[in-house]
Amino acid sequence: MATQVHAAHILVRDQKKANDIKTEIVNGGNFADLAKKFSTCPSKRKGGDLGWFKKGDMVKEFEDAAFAAQKGAVVGPVKTEFGWHIIKVLETK
């Protein structure tokens, strides 16, 4: 079976906002609460949870960052055609 990642993300329009949110997370902010407050993605209702995905399911920049990260890691900001993402890897299998 191919490797899969279960991740959550926060999507915003600009890099400064993404950097500010990541700083807040690093300083102990709750990822899901921040996703609900700031993310522009419909996944914000679930705290940014995107569920499980495999390679080929997401845009390349997002996927590369998510698959390179360790479980529990918060990575980004990652720029894609949709905006700037802060990604939290919840699990891998």
Name every donor-acceptor pair, under 3.5 Å, that has one atom in a side chain of residues 44-53 and the other anywhere in the protein, sequence neighbours excluded.
unit_1 : atom_1 : unit_2 : atom_2 : d
Lys44  : NZ     : Ser39  : O      : 3.3
Asp49  : OD1    : His6   : NE2    : 2.9
Asp49  : OD1    : Gly51  : N      : 2.7
Asp49  : OD2    : His6   : NE2    : 3.2

Could you pull out all donor-acceptor pairs under 3.5 Å where a side-chain atom in residues 57-64 meets a protein atom, sequence neighbours excluded?
unit_1 : atom_1 : unit_2 : atom_2 : d
Asp57  : OD1    : Lys54  : NZ     : 3.2
Asp57  : OD2    : Lys54  : N      : 2.9
Lys60  : NZ     : Asp64  : OD1    : 3.4
Lys60  : NZ     : Asp64  : OD2    : 2.6
Glu63  : OE1    : Gly56  : N      : 3.3
Glu63  : OE2    : Gly56  : N      : 2.5
Glu63  : OE2    : Asp57  : N      : 3.4
Glu63  : OE2    : Met58  : N      : 3.4

Using atom types as modelled, flag every donor-acceptor pair under 3.5 Å from a side chain in residues 20-28 to any protein atom, sequence neighbours excluded.
unit_1 : atom_1 : unit_2 : atom_2 : d
Asp20  : OD2    : Lys16  : NZ     : 2.8
Lys22  : NZ     : Gly76  : O      : 2.9
Thr23  : OG1    : Asn19  : O      : 3.0
Asn27  : ND2    : Thr23  : O      : 3.2

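Under the 4.5 Å side-chain heavy-atom criterion for ILVMFWY residues, a single connected hydrophobic cluster contains both Ile86 and Leu34. Tracing side-chain contacts under 4.5 Å through hydrophobic residues (I, L, V, M, F, W, Y), one reaches Val5 starting from Leu11; they form part of the same cluster. By the criterion of side-chain heavy atoms lying less than 4.5 angstrom apart, applied directly or through intervening Ile, Leu, Val, Met, Phe, Trp or Tyr residues, Ile87 is not grouped with Phe38; the two fall into different hydrophobic clusters.
Of all heavy-atom pairs between Asp14 and Trp84, the closest is C-CD1, 3.4 Å.
If you take CZ on Phe67 and CD on Gln4, they are separated by 7.5 Å, rounding to the nearest 0.5 Å.
Residue pairs satisfying the salt bridge (Lys or Arg N to Asp or Glu O under 4.0 Å) criterion with at least one member in residues 25-40, sequence neighbours excluded, are absent.
Leu90 belongs to no hydrophobic cluster with other residues, because no ILVMFWY side-chain heavy atom falls under 4.5 Å from its own, directly or through intermediates.
Applying the side chain to side chain donor-acceptor pair (under 3.5 Å) criterion to Thr80, with sequence neighbours excluded, gives His85. For the side chain to side chain contact (heavy atoms under 4.5 Å, CB included) test, residues two or more places apart in sequence or in another chain that qualify with Ala69 are Ala73, Val75, Val89.
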